[in-house]
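In what follows, a structure is listed as structure tokens, so that the remarks can point back to it.
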Amino acid sequence: MDRYEPQQIEPKWQQVWEDARAFYVANPEDPAQTPRERKFYMLEMLPYPSGPLHMGHVLNYTLGDVITHYRRRNGYTVLRPMGFDSFGLPAENAAIREGGHPREITEQRIATIRTQMRRLGWAIDWDREVSAHEPTYYRWTQWLFLKFYEAGLAYRKEAPVNWCPNDQTVLANEQVIDGRCERCGAQVEARNLEQWFFRITAYSDALLDDHATIDWPERTIAIQRNWIGRSEGAEVVFRVEALDLDLPVFTTRPDTLFGATFMVLAPEHPLAARLAAGTEQEPEVREYLRRAAVRSTEERETKEKDGVFSGRYALNPASGEEIPIWIADYVLMEYGTGAIMAVPAHDERDFAFAKRYGLPVARVVEPLEGEAEEEGAFSAHTANERLVNSGEFSGLPAPEGARRIVEWLGERGRGRPAVSYRLRDWGFSRQRYWGCPIPIVYCGRCGIVPVPEEELPVLLPEVDDYRPKGIPPLASNEAWLRVSCPSCGGEGRREAETMDTFVDSSWYFLRYCDPHNDRAPFERAIVDYWLPVDQYVGGIDHATGHLLYSRFFVKVLNDLGLVGFREPFARVFHQGWVRLGGSKMSKSRGNVTSPDELARMYGADAVRLYILFMGPADQDMEWTEEGVEGIARFLRRLWRVVNAVAEDAAPPGSEDSEPTPLLRKAHETIVKVGDDIGRRFVFNTPIAAVMELVNELSPATDDPAARFATETVVSLIQPYAPHIAEELWQRLGRERLWEQAWPAADQALLELDTFELVIQVNGKVRDRVEVPATLQEAELIERAKASPRVQALLDGKQVRQAIVVPRRLVNLVV
RNA sequence: GCCGGGGUGGCGAAACUGGAGAUACGCGCCUGACUUAAAAUCAGGUGUCCCCAUCGGGGGCGUAAGGGUUCGAGUCCCUUCCCCGGCACCA
């Protein structure tokens, strides 16, 4: 028998699969008429090509691979594509670090990753590969942008952005770490700049409601729910008589309206300066606004609350009292209306502020029973509380009081029920070079003019100096910038900003379905056939980013009639982090382990098995190579045992054999592995189950069932270790394991005639006896009592109760 | 502070709806076989305390800590402690 040499057999089988186009899948001829029951869209989050793959990726894609093989062999047509999220900061930063053009660096990296992926033997349909930076792809990203723009869902407005004063550039949120620039460490400032936004807030409720239609991890849905942050409450209008102004506020606690003893405006509130104008507070307010404007976000959040009196008063619409209006930066312009009614008796922040500036505190809610709490303890708006000091509403339970007060306000035109969200529109323009150009022209006469569809793509020009410098690098490229206005033909200038890379990845799973289409981003019938993705696998770090954006995109495309579904991913699974030195393995942290060396030493099959054997796939794991020896041993043993059987045991066709324990074990393993992968979505225990079966097999090749058990082992391990499985399958005289039906267990064999009855006395095991499976409860109890060891223990005592668990145990209580 | 996830042998971890023997499978370690030797391979052992004993056999205690429900709890409930991740002035 020859030795197990993965370096020989692995490339050999990879070539066989490639030649047979084993994992390529064609679209149905007539997708609209093709039944969808046996289709399966398997997708894993596509990699950023900012460096070679590390063990985190290996876990991600090996998981996808096991599911792919399992589904294929269960009769599904599996679409399993791959691509590269090749635009954006990770790739550009790599280029800046290493010198060279982002395109060259990116394309080198893609080539490297592709080689790694092939080396690991993943079953990928490479005909469908796409990369975000290719004009054939981003042409359609631009096309989709235009559709959003036409629908009023992409727009420009001035908004605060993260500004690094040192690098003179706007930073993406993900480049800001603890309020500091990721690269230089400078404190990031907020700056108002004109930016492009997607109106994702128009879909807040749809994004929340449709959670009910998808099978995602509870925690991911919880994260999205918190992020969208829907709060129900009311808008209440406060009157400023002196200036003939109305100041609306949002509150979740209209029941506490009588306790609103002052108001607070955010310093950025457009009326802040106007309120103070002409009062003796004016200079002080001006000074406060000036100071607040240069405060860092970090300082704003951590300092003690401060503020300044505006010099004006507003009318509390409920109590009719004049209350002072203050300006303070603990109120945020981005949420609600940028102004609040302050109820110090029932809100911690208002309370702290009132204490500091000696403002009045009026308690208006108290518990139904028990003592009123001390000052500074805050109610929770429950039915166990009632309103006090609230005029005609006093005495009402808090929730009802809230409803009645809002009703009362409505009748007087001073308020209405309102909903507020913490979700904000998605700012997607970047002052960077390496991204998808935004197909817009600015014209002195026509304003913002979209580039006509037929002129797409707006190509990203090749430039030498692509470094960020405060203004977009493309803005200094005069030759590219100047263009005639598509509308009037006059002088125009191109949009020099590029798109956030999350735009590229919000629709890539659609392009995979129809990747070579040059008339449209995709044909609707084709995406309607494949989508939604049946199983998506990727990191939970994308819960509020990519996973939310993609849902938004699909909803918009559905509303535009471009797709026939409203959710992109029917089911999501998050693999755990592979950690090294305690923190998540990632290129930006620099703590990565490449699979290459391990694959050289032990082979791809060993790497694949090991990463999944380390622990439950959805749990974080600390990377270590201790233990990989065990997998290598297992593979060598498998090799030896199967080869021995191939040479000695009965040839194919003689599988019918006595129901020996080995045969039964083989069938049990079939059940276990299928149930773990298919139903439980557990990937480490199937490996253990196959190891057990191999352990049974090794000394027992003379068992008549050895051949069946051996074939079962090879067949079951194939999704994990496809190369060795294919080789051994061939040596067993069979072929093309990758397309063999998944083995089915013989139910008749699994049902035994007898079982071992466990006999407990007072919950402690005292004996076990072999009994026929057909015995009824009463007979089982008789058998239990008949046991000599139980007799000794019972010793004439009265059996008070007997619990019978069918096919398991009898517990006698004395 | 809030929201998630977790705590089981020397280590990674099993135990799937409360139902035997907790710790499968693997790593490590110990003993032995083969070998001049090593590697590889194979066999056996490996929670803890105690008792009887010649091979061997029997028993108590053990799943972060404490309490509870139950005939029966790693699994359910309550309290506490510890670790990891995310969010954080959202009115």
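Letters go in sequence order (proteins before strands), and every chain restarts at 1.
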Aromatic rings A:Tyr357 and A:Phe353: how do their planes relate, parallel, tilted or perpendicular, breaks at 30° and 60°? tilted
Should the pair A:Asp246-A:Arg414 be classified as a salt bridge under the 4.0 Å nitrogen-to-oxygen rule? yes
Give a yes/no answer on whether the side chain of A:Arg225 brings an N or O atom under 4.0 Å of OP1 or OP2 in B:C3. no
Taking the nucleotide of RNA chain B with the closest heavy atom to each, which residue, A:Asp675 or A:Met614, is nearer the 5' end? A:Met614
Using modelled atom types and a 3.5 Å cut-off, is there a donor and acceptor pairing between side-chain atoms of A:Ser310 and backbone atoms of A:Ile325? yes
Nearest-nucleotide pick for A:Arg679, side chain only, options being B:C16, B:A15, B:A91: B:C16
Which of B:C84, B:G12, B:C3 is nearest the side chain of A:Arg579? It is B:C84
Which residue, A:Met333 or A:Arg680, contacts RNA chain B at a nucleotide closer to its 5' end, judged by nearest heavy atom? A:Arg680
Once hydrogens and angles are ignored, does a donor-acceptor distance under 3.5 Å link the base of B:C3 to the side chain of A:Arg219? no
Distance check: side-chain N/O of A:Arg253 vs OP1/OP2 of B:A91, anything under 4.0 Å? no
Looking at A:Asn684, does any N or O in its side chain come under 4.0 Å of the phosphate oxygens OP1/OP2 on B:A14? yes
Are the aromatic rings of A:Trp426 and A:Phe502 close, with centres under 6.0 Å apart? no
Sort and list the pairs that fulfil ring pair (Phe, Tyr, Trp, His ring centres under 6.0 Å) and have at least one residue in residues 607-627 of chain A, not counting sequence neighbours. A:Tyr610-A:Trp623
Given the 90°-from-0 boundary between syn and anti, B:G9 should be labelled syn
Heavy-atom closest pair (A:Pro254 atom, A:Ala402 atom, distance to 0.1 Å) is CG-CB, 4.0 Å
Any chance CD of A:Glu5 has more than 12 other-residue heavy atoms, nucleotides or ligands included, within less than 6.0 Å? yes
Atom-pair distance (CD on A:Glu668; P on B:C16), nearest Å: 16 Å
Nucleotide B:C87, atom P - distance to CZ of A:Arg422 in whole Å: 11 Å
Between the protein and nucleotides 26-30 of chain B, list the N/O to N/O atom pairs that are separated by less than 3.5 angstrom.
unit_1 : atom_1 : unit_2   : atom_2 : d
B:G26  : OP1    : A:Asn695 : ND2    : 3.1
B:C27  : OP1    : A:Arg633 : NE     : 2.8
B:C27  : OP1    : A:Arg633 : NH2    : 3.1
B:G28  : OP2    : A:Arg633 : NH2    : 2.9

How long is the line joining NE2 of A:His542 and P of B:C87, in whole Å? 13 Å
Hunt down any stem RNA chain B takes part in, defined as 3 or more consecutive Watson-Crick or G-U pairs whose two distances are each under 3.5 Å. B:1-7 with B:81-87, B:10-12 with B:25-27, B:28-33 with B:41-46, B:47-52 with B:56-61, B:64-68 with B:76-80
For A:Gly576, is there any backbone N or O sitting under 3.5 Å from a side-chain donor or acceptor partner on A:Asp620? no
Determine, for A:Arg219 against A:Asp618, whether the closest basic-nitrogen to carboxylate-oxygen distance falls under 4.0 angstrom. no
Would you say B:A91 has OP1 or OP2 under 4.0 Å from some side-chain N or O of A:Ser231? yes
Could you state the OH-P distance from A:Tyr330 to B:A88, rounded to the nearest angstrom? 20 Å
